[in-house]
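Here is the structure we will look at, set down as structure tokens.
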Amino acid sequence: MSLNSVVESVTANIIERSKVSRRRYLALMERNRAKGVMRQGLTCSNMAHAVAAMPDKDSLIHSKGMNIGIITTFNDMLSAHQPYEHYPEQMKLFAREVGATAQVAGGAPAMCDGVTQGQEGMDMSLFSRDVIAQSTAIGLSHGMFEGMALLGICDKIVPGLLMGALRFGHLPGMLIPSGPMTSGLPNKEKVRIRQLYVQGKIGKEELMQAESESYHSDGTCTFYGTANTNQMMAEFLGLQMPDSSFITVDTPLRQAMTRAGVHRLTEIGFKSKDCRPMAEVVNEKAIVNAIVGLMATGGSTNHTIHIPAVARAAGIIVNWEDFERLSDAVPTMAKIYPSGPSDVNKFNDVGGLPTVIRELMQADMLHRDVMTVAKNGLADYAQRATLGADKKVAYVPAAPSTDPEILRGMADPFHPGGGIKLVKGNLGRGVYKSSAVSEDRMTIEAPVRVFDTQHAVKRAQQAGELDKDVIVVVIGQGPRANGMPELHGLIPSLGVQMDRGFKVALVTDGRLSGASGKVPAAVHVGPEAQMGGPLACLRDGDIVRLCAKTGQLEVLMDAKEWEARTPTKPHRAPLGTGRELFAITREVSPPAEEGGSAMQYMMDREIAEVGDDIDEGTEV
């Protein structure tokens with residue numbers, strides 16, 4: 001099988017870089033398989049507790065069939081997760097159809113970044129990923145299961161579920177999505193109304209009406225932000241049923257897909273002849289496939305944090321150079337809002353992920369020799385799901401795109417490179433989402449205004465202080481400072497300045513939403529200001545050059561003068577709204593490029609301390 005030379009080279013580098021950590025991870029999974037807690041080893045008392053409330057006691061006690069552990073992140077706060085309320089009871093019925101059982105192993109928290117944008121709660125958003133991972137591990141630690149069904153879609157939830165489930169990687173696992181909501185107010189209109197509100201031309205009532213028409217029902221928000229990028233990532237990793245990402249919520253095909261997923265999970269269970277452990281599905285090649293998918297579709301910059309964190313949970317080390325090299329080699333095939341006017345429903349209508357995967361496979365941009373939850377590996381993901389006459393999922397080969405304004409083939413992409421760039425220089429290293437930025441704004445050179453909160457930026461914009469060419473720098477927004485909240489609320493304000501004709505950009509050690517749109521921005525810049533990083537040395541009026549074409553992120557200043565600068569003092573830790581509970585997490589959080597997971601950092605350190613014992617097969 002031929003393979004693109006860059007994809008091959010990046011994969012080889014990751015395999016070599018991860019040699020020790022991956023070997024130790026697989027050794028721990030083998031330990032779990034051979035010696036870990038499982039149903040057959042539970043005492044009578046253990047088992048009695050586990051089945052006391054179950055109608056399938058006989059099957060569970062005597063291990064007559066596979067038992068699926070369900071981790072649910074249902075709540076009413078996330079429109080995408082609200083449909084999960086009744087999924088467990090449905091999945092139990094689907095399992096019984098094939099002689100299996102299912103139990104809710106546990107629940108995990110799932111906060112809504114849409115609700116907490118610009119609020120104090122957003123300071124806990126990234127850290128919630130670790131809590132979700134730990135909650136997942138607690139649920140699965142009961143040892144009653146031969147497979148894992150993970151119910152989650154949004155933002156930190158999917159990465160957190162995977163990070164926790166990968167500690168039980170000797171078991172097969174599958175993500176079960178619930179699907180996007182139907183399309184609401186057109187995205188262009190939503191942006192227009194938000195900017196009118198920022199300018200004071202409409203009131204709160206008109207804004208509320210527009211927002212309610214945009215986010216109007218159960219299901220995933222339809223822009224191509226972090227939640228929907230999660231679904232793409234899961235399919236490229238081979239951890240969802242093929243073409244399951246963007247089937248609309250509450251439809252017969254969606255329910256049929258959930259049923260098919262439960263049935264398939266029983267076929268690849270821990271004791272089956274075709275066991276497909278998650279530890280083997282999520283390998284170096286699968287991680288590269290996920291990054292290729294991110295670039296081809298112009299997905300969320302948040303995945304430059306999430307993919308490294310998920311990879312490290314499987315003993316695989318990736319960095320932003322890997323992302324940059326793949327971005328240079330993988331063409332941008334899709335224009336989904338905010339990169340274009342159309343949402344994921346329209347994208348799915350014109351071909352969706354099956355067409356993207358079909359095109360990438362034909363161009364030898366993906367590893368085909370990977371294990372997936374689907375029977376025939378990655379090839380199955382180049383198929384469209386349909387509802388057969390028997391009300392079951394049926395597949396047909398994917399076809400070329402039916403709308404080249406939304407989705408194109410490899411022969412005529414929107415751009416020869418991917419949508420995410422690495423920018424670096426004397427201000428550090430950061431990530432730039434180029435897929436949504438117009439060509440004439442790829443390079444911005446202007447004086448800076450330095451702020452330490454997003455609210456201060458908004459006040460300055462409203463006061464007319466940003467009515468000029470300016471690069472807005474927001475510091476003290478990294479994991480160590482305040483938990484790295486998304487700064488998506490800045491985009492309408494900066495968008496207004498762009499529409500007024502000013503050259504505007506954003507540079508920050510914080511994050512933006514995966515759907516932040518047209519504003520040129522370098523995000524996740526590290527080392528972060530809280531740790532004395534270069535951004536902490538910037539002063540108002542310094543000239544900075546940000547260029548996606550050259551990968552430049554530099555202050556234009558005499559080197560000796562720059563080196564003599566003293567960083568500003570670190571920010572005080574935020575208090576209130578429960579943020580003080582995460583003080584220890586902030587204290588040990590690693591850089592964004594390493595995944596930003598304090599839990600993962602401490603776990604890696606602990607595993608390294610007993611590394612020789614793991615390598616020698618000693619019980620640890």
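Side-chain atoms of T229 and S300 include no donor-acceptor pair closer than 3.5 Å. D218 and S79 share no donor-acceptor pair across their side chains, judged by distance under 3.5 Å alone. No side-chain N or O of T222 forms a donor-acceptor pair with one of N345 less than 3.5 Å apart. Remark: the R39 side chain and the N67 side chain contain no N/O donor-acceptor pair separated by less than 3.5 Å.
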- Does the side-chain hydrogen bond (donor to acceptor under 3.5 Å, both in side chains) test come out yes or no for Y337 and K190, once each step is laid out? CA-CA 11 Å; Y337 183 79; K190 176 178 68 177; 4.7 Å; no

- Derivation of the side-chain hydrogen bond (donor to acceptor under 3.5 Å, both in side chains) call for H367 and T11: CA-CA 10 Å; H367 291 282; T11 306; 2.7 Å; yes

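Residues forming a ring pair (Phe, Tyr, Trp, His ring centres under 6.0 Å) with Y84 (at least two apart in sequence, or on another chain): H81, Y87. Scored by the side chain to side chain contact (heavy atoms under 4.5 Å, CB included) test, E580 finds L575 as partners (sequence neighbours excluded). Applying the side chain to side chain contact (heavy atoms under 4.5 Å, CB included) test to P88 and every residue at least two apart in sequence or in another chain returns I70, V104, L151. Checked against ring pair (Phe, Tyr, Trp, His ring centres under 6.0 Å), H303 has the following partners two or more places apart in sequence or in another chain: H306. F74 is linked by a ring pair (Phe, Tyr, Trp, His ring centres under 6.0 Å) to nothing, counting only residues two or more places apart in sequence or in another chain. T453 pairs by the side chain to side chain contact (heavy atoms under 4.5 Å, CB included) definition with H455, A456, not counting sequence neighbours. P590 meets the side chain to side chain contact (heavy atoms under 4.5 Å, CB included) test with E594, Y601; sequence neighbours excluded. Evaluation of the salt bridge (charged side-chain N to carboxylate O under 4.0 Å, His left out) rule for R264 yields E267, D274 as partners, not counting sequence neighbours.
Applying the side-chain hydrogen bond (donor to acceptor under 3.5 Å, both in side chains) test to every pair with at least one member in residues 147-157, sequence neighbours left out, gives these pairs: D113-K156, S125-K156. Here side-chain hydrogen bond (donor to acceptor under 3.5 Å, both in side chains) pairs that include residues 231-249, with residues two or more places apart or in two chains, are E235-S245, Q240-S244, Q240-S245, D243-R384. Applying the side-chain hydrogen bond (donor to acceptor under 3.5 Å, both in side chains) rule to pairs touching residues 282-291 yields K285-D369, sequence neighbours excluded. Within the structure, the ring pair (Phe, Tyr, Trp, His ring centres under 6.0 Å) test picks out the following pairs touching residues 135-175 (sequence neighbours left out): H170-F270.
Between R33 and E30 a salt bridge is recorded (basic side-chain N to carboxylate O distance below 4.0 Å). Electrostatic pairing of D322 and R17 counts as a salt bridge here, judged by a charged N lying under 4.0 Å from a carboxylate O. At a threshold of 4.0 Å, the pair D56-R96 counts as salt-bridged, since one of the basic side-chain nitrogens sits closer than that to a carboxylate oxygen. Salt bridge status for E587 with R480: absent, with no side-chain N to carboxylate O gap under 4.0 Å. With salt bridges taken as basic N to acidic carboxylate O contacts below 4.0 Å, one links R511 and E486.
The side-chain hydrogen bond (donor to acceptor under 3.5 Å, both in side chains) test with N482 is passed by exactly one of Q477, E120, R572: Q477.
Using cut-offs of 30° and 60° on the angle between ring planes, the pair F127 and F582 is parallel.
Remark: the backbone N or O of L78 is paired with a side-chain donor or acceptor of N75 at under 3.5 angstrom.
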